[in-house]
Structure formats: structure tokens, C-alpha cells
Amino acid sequence: MAPLRIYFDRLLDAVAPKVPRRELADEERLALVRRHGDFSLAYSTAVQKKLSYFSDGDGYIAFGTKMSRHFALGDPVADPADRPAYIKRFVEAAGRPWFVQIGADTAKVLAGLGYQVNRLGIDTRLLLPAHDFSGKRNETVRYSERWLTKKSFTLAEARGDILQDEIKQLSADWRKERIIKRWEMGFLNRRFSEELGADMRRFLLHSPEGRLLAILDFDPLFRDGKVIGYTTSFKRKQVDATPHAEIGLTKFAVDRFREEGISQVTLGLSPLLDIEPSGFAESDFWRNAFQRAYNSPWVNRSRFNLQGQAAFKRRFHGVEEPTYIAFRKGTFVEMLGLLRLIKAI
């Protein structure tokens with residue numbers, strides 16, 4: 001069945017609009033991210049495999065193709081003043097492309113081009129140094145770190161590519177416990193690596209006996225060549241790790257960033273959370289479908305734990321910023337292509 005599916009994918013991709021692609025070297029993409037990568041997905045668009053790039057050399061739009069449709073990932077990696085022009089040129093070249101996990105500015109441009117714009121979920125932003133985990137509402141977060149310290153767990157930042165064999169094994173053990181074990185989701189996520197990419201940060205939790213229990217990786221956010229923040233990119237933990245592991249390790253990492261003068265940390269997308277009217281022309285059908293999916297016991301049990309992920313991020317009481325998905329028509333077949341691209345089905 002898989003070879004037949006691949007065969008039909010190739011046929012469909014062959015009839016997709018012919019978008020001019022530019023082969024950007026890894027160094028070129030990272031250089032552009034260091035200048036303009038100020039949103040959560042920016043770094044991932046530069047380092048994720050199997051993406052294509054619409055570019056003039058001064059910026060780019062990353063996109064994937066599935067079932068004859070092109071899907072742009074995130075906002076353009078370009079000077080903010082130039083992003084509307086990139087969007088308009090890409091729309092003209094790509095023939096009704098979708099835009100996935102975009103910010104409000106990109107959504108506004110697309111609405112002006114006749115797109116329907118729906119909410120896709122929430123990205124949680126911790127604004128530093130003001131967000132310092134003080135106050136009653138952050139009491140449980142503080143308690144998790146205190147509990148770990150009191151019980152002689154070790155929280156630390158990894159310096160360089162250390163413990164790669166242990167990290168690889170931890171990730172493999174974690175995969176075995178996922179709802180979907182045979183593959184990792186893609187496009188909105190990238191494949192985990194035990195080796196850190198350029199400018200990434202990694203934090204580790206060890207048990208009192210020295211066993212590696214959890215890891216937490218961050219991608220950098222940039223503006224004008226300077227790191228301004230970090231976004232959570234990967235989390236892995238042993239199935240028998242204490243419930244305090246992930247919470248305490250996240251607090252530990254954010255506190256380190258604050259001490260360094262970093263201005264923000266984003267916790268990444270909570271998919272399909274708070275799907276309310278977007279404020280733009282939108283699809284009522286997909287708004288209702290997203291709401292039903294978030295509330296569906298079957299989806300949360302057998303496909304992806306949407307509610308659990310949202311509940312975890314809300315523990316940190318950050319600023320919740322809507323993210324959007326935009327399309328011309330939003331047909332079921334096009335949505336099927338997106339779901340296959342992100343490997344949700």
C-alpha cells in the first residue's frame with residue numbers, strides 16, 4: 001500500500017503549480033534566520049528537512065507540497081517591512097497556497113488578498129523579566145522545582161553534545177509510549193536529533209541516582225543578528241519520571257534565560273485551543289470542526305493529546321497569542337493533504 005500511495009503522491013505533486021524554488025544552503029538559511037527569525041517557527045523552517053524555499057536571497061517562505069497543494073510554514077523569514085510583498089508574490093506563484101501557523105500580521109495581509117483566516121490554536125509567550133513565576137497562580141510551578149531540588153534531582157544545562165547515547169535511548173523509550181508510535185509528526189514539528197543544532201539550548205534532569213530522566217530543547221529567536229528569546233522545540237522524558245520533571249525543568253530553563261537578559265520565551269503551539277471567531281473572513285465549517293476535534297475524546301486518546309498539551313502550557317500563565325491558518329477555499333481534500341503532510345494521518 002505504501003508504494004502505491006507514494007506513486008499517487010508523486011503524480012499529484014507533479015501537477016501542483018510550479019513555484020520557483022531557490023536552493024538555499026544551510027548557512028544561507030541560518031544567516032537569514034539570525035537577521036529576521038523572530039517568530040516561534042523561524043528556526044525550524046531553516047533546519048527542517050524536506051522543505052522547499054521561495055526566495056530572492058534576502059528572505060524566504062518555507063513550504064511543503066502534498067496532494068497537489070502547497071503549504072507555507074509560518075511567517076516569511078524576511079524583514080518585517082518586506083513580508084507583505086513576499087506573501088503576495090508567493091500567492092501569485094503558488095496558486096492558492098495554504099498558510100499554516102502564521103501570526104496576526106501575515107493573517108491580515110492574506111485577508112486582504114481574499115483569504116479565509118481561521119484560528120489554529122494558541123502560542124504561549126513568557127515576557128521576561130516581568131514573568132518571574134511569582135504570585136499565587138505560579139505556586140505549583142515553583143513547588144515542582146523545589147520538590148526536585150529537595151529530593152536531590154539534578155537540573156542543569158547541557159554543555160555541548162554530551163550524553164548522546166543516553167539521550168538517543170531516552171527519546172526511543174519516549175517514542176514507545178506515544179499515541180502514535182510508528183512515526184513522528186512532521187512539518188509543524190521536525191525530527192528530533194540527539195545532536196544540538198547551531199544556537200540551540202538543551203537542559204537535562206537526572207535522578208538522584210544519576211539516571212537521565214528528561215531533556216528540554218529550545219530553538220533561538222533572533223532579531224538583527226541577536227538572540228532575543230527561545231522557543232520550546234523538543235521535550236522527552238522517561239515514562240516513569242515524576243510529574244514534576246517537565247514543569248520544574250521548564251522553570252529552571254526560563255530562569256536561566258531571564259538571568260542572561262533574554263526578553264522572551266515561547267512555549268509553542270497548543271493546537272486547536274480556544275478556536276473562537278478569528279476576526280477575519282473565515283470558514284465556519286472548519287472553526288466548528290476544530291472545536292469538535294479539540295473536545296473529542298477519540299482524538300485526544302488515539303491521535304494527539306490536544307487537551308493535555310494545552311493544560312501543561314497554561315500552568316505557566318503566559319500571554320496567549322492566537323495563531324492562524326489561511327486558505328482560499330479550504331476544501332476537505334486540501335485539508336486531507338495538510339493532515340498527511342504533518343503526518344497526523
Side-chain angles (χ1 to χ4, degrees), residues 19-64 70-94 97 99-110 123 125-129 187-190 193 195-202 217-234 253 256-258 260-269 319 321 323-324 326:
V19 179
R21 291 168 166 84
R22 183 162 182 151
E23 295 296 329
L24 295 171
D26 294 348
E27 295 78 10
E28 292 178 283
R29 297 194 302 272
L30 285 172
L32 289 170
V33 165
R34 289 184 177 112
R35 289 165 56 193
H36 309 303
D38 59 359
F39 57 95
S40 291
L41 278 179
Y43 185 86
S44 192
T45 67
V47 301
Q48 184 177 164
K49 305 300 182 184
K50 298 182 180 180
L51 292 179
S52 299
Y53 297 93
F54 179 79
S55 174
D56 60 4
D58 292 326
Y60 67 76
I61 290 177
F63 67 98
H70 301 301
F71 299 89
L73 179 60
D75 303 315
V77 176
D79 187 298
D82 296 333
R83 288 175 184 175
Y86 273 94
I87 294 166
K88 292 173 184 176
R89 293 199 302 270
F90 183 67
V91 167
E92 291 172 358
F99 289 75
V100 185
Q101 197 175 333
I102 56 175
D105 290 341
T106 296
K108 184 176 180 179
V109 173
L110 289 166
D123 193 356
R125 190 180 304 271
L126 310 181
L127 298 174
L128 309 180
F187 195 59
L188 295 179
N189 301 319
R190 64 184 189 276
S193 174
E195 298 180 3
L196 279 177
D199 302 304
M200 290 181 65
R201 304 279 291 273
R202 170 172 288 163
D217 289 355
F218 291 87
D219 289 345
L221 304 174
F222 290 98
R223 186 174 295 135
D224 297 328
K226 180 182 178 182
V227 175
I228 61 168
Y230 290 94
T231 187
T232 305
S233 53
F234 296 105
R256 302 291 85 70
F257 296 146
R258 185 188 305 102
E260 296 169 6
I262 294 299
S263 66
Q264 57 188 290
V265 175
T266 70
L267 302 182
L269 179 67
V319 178
E321 301 174 347
T323 64
Y324 302 90

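The first residue of the sequence shown is numbered 1, and numbering continues consecutively from there. FYI, side chains are in, hydrogens and waters are out, and symmetry mates aren't considered; it's all heavy atoms of this structure.
- The two residues Arg202 and Leu196 have their closest heavy-atom pair at CB-CD1, 3.6 Å.
- Residue Glu260 places its CD atom among more than 12 non-hydrogen atoms of other residues, nucleotides or ligands, all under 6.0 Å distant.
- Using a 4.5 Å cut-off on side-chain heavy atoms (C-beta onward), Lys88 and Val91 make no contact.
- A heavy-atom distance below 4.5 Å is not found between the side chains of Asn189 and Phe234.
- For the atom pair OH (Tyr230) and CZ (Phe222), the distance works out to 7.5 Å, reported to the nearest 0.5 Å.
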**Study point:** Derivation and outcome, side-chain contact (heavy atoms from CB on, under 4.5 Å), residues Leu188 and Val100
**Key:** CA-CA 8 Å; Leu188 295 179; Val100 185; 3.7 Å; yes

Point to revise | Trace of the side-chain contact (heavy atoms from CB on, under 4.5 Å) decision for Leu221 with Tyr43 | key: CA-CA 7 Å; Leu221 304 174; Tyr43 185 86; over 6 Å; no

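- The aromatic rings of Phe63 and Phe90 sit tilted, their planes meeting at an angle between 30° and 60°.
- By the 4.0 Å N-to-carboxylate-O rule, Glu28 lies too far from Arg22 to be salt-bridged with it.
- Here the straight-line distance linking atom CG of Leu126 with atom OG1 of Thr231 works out to 10.0 Å at 0.5 Å rounding.
- With a 6.0 Å radius and a threshold of 12 heavy atoms from other residues, nucleotides or ligands, Asp199 has its CG atom above the threshold.
- The shortest non-hydrogen separation linking Ala93 to Pro20 is CB-CD, 4.0 Å.
- Here the CG atom belonging to Leu110 is positioned 5.5 Å from the CD1 atom belonging to Ile87, to the nearest 0.5 angstrom.
- Shown here for Ala46 and Arg29, the closest heavy-atom pair between the two residues is O-NE, 2.7 Å.
- To the nearest 0.5 Å, the span separating CG on Leu269 from OG1 on Thr232 amounts to 12.0 Å.
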Review point. For Met200 and Val47, what are the C-alpha separation, side-chain angles and deciding distance, and is it a side-chain contact (heavy atoms from CB on, under 4.5 Å)?
Key: CA-CA 11 Å; Met200 290 181 65; Val47 301; over 6 Å; no

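- If you take CZ on Phe187 and CG on Leu41, they are separated by 9.0 Å, rounding to the nearest 0.5 Å.
- Smallest separation of non-hydrogen atoms from Ile102 and Gly74: CG2-O, 3.5 Å.
- Ala78 and Gly59 make their closest contact through CB-CA, 4.2 Å (heavy atoms, listed as atom of the first residue, atom of the second, distance).
- Considering CD of Glu321 and OG of Ser40, their distance stands at 8.0 Å, rounded to 0.5 Å.
- Ion pairing between a basic and an acidic side chain is recognised when a charged N comes within 4.0 Å of a carboxylate O; Asp38 and Arg83 show such pairing.
- Closest approach of His70 and Ala94 over heavy atoms only: CD2-O, 3.5 Å.
- A donor-acceptor contact closer than 3.5 angstrom links the side chains of Tyr60 and Thr45.
- Under a 3.5 Å cut-off, the side chain of Asp75 and the backbone N or O of Gly103 do form a donor-acceptor pair.
- With 3.5 Å as the limit, one finds no donor-acceptor pair spanning the side chains of Thr323 and Asp123.
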**Study point:** Verdict with supporting geometry, Asp82 and Asp58, side-chain contact (heavy atoms from CB on, under 4.5 Å)
**Key:** CA-CA 10 Å; Asp82 296 333; Asp58 292 326; 6.0 Å; no

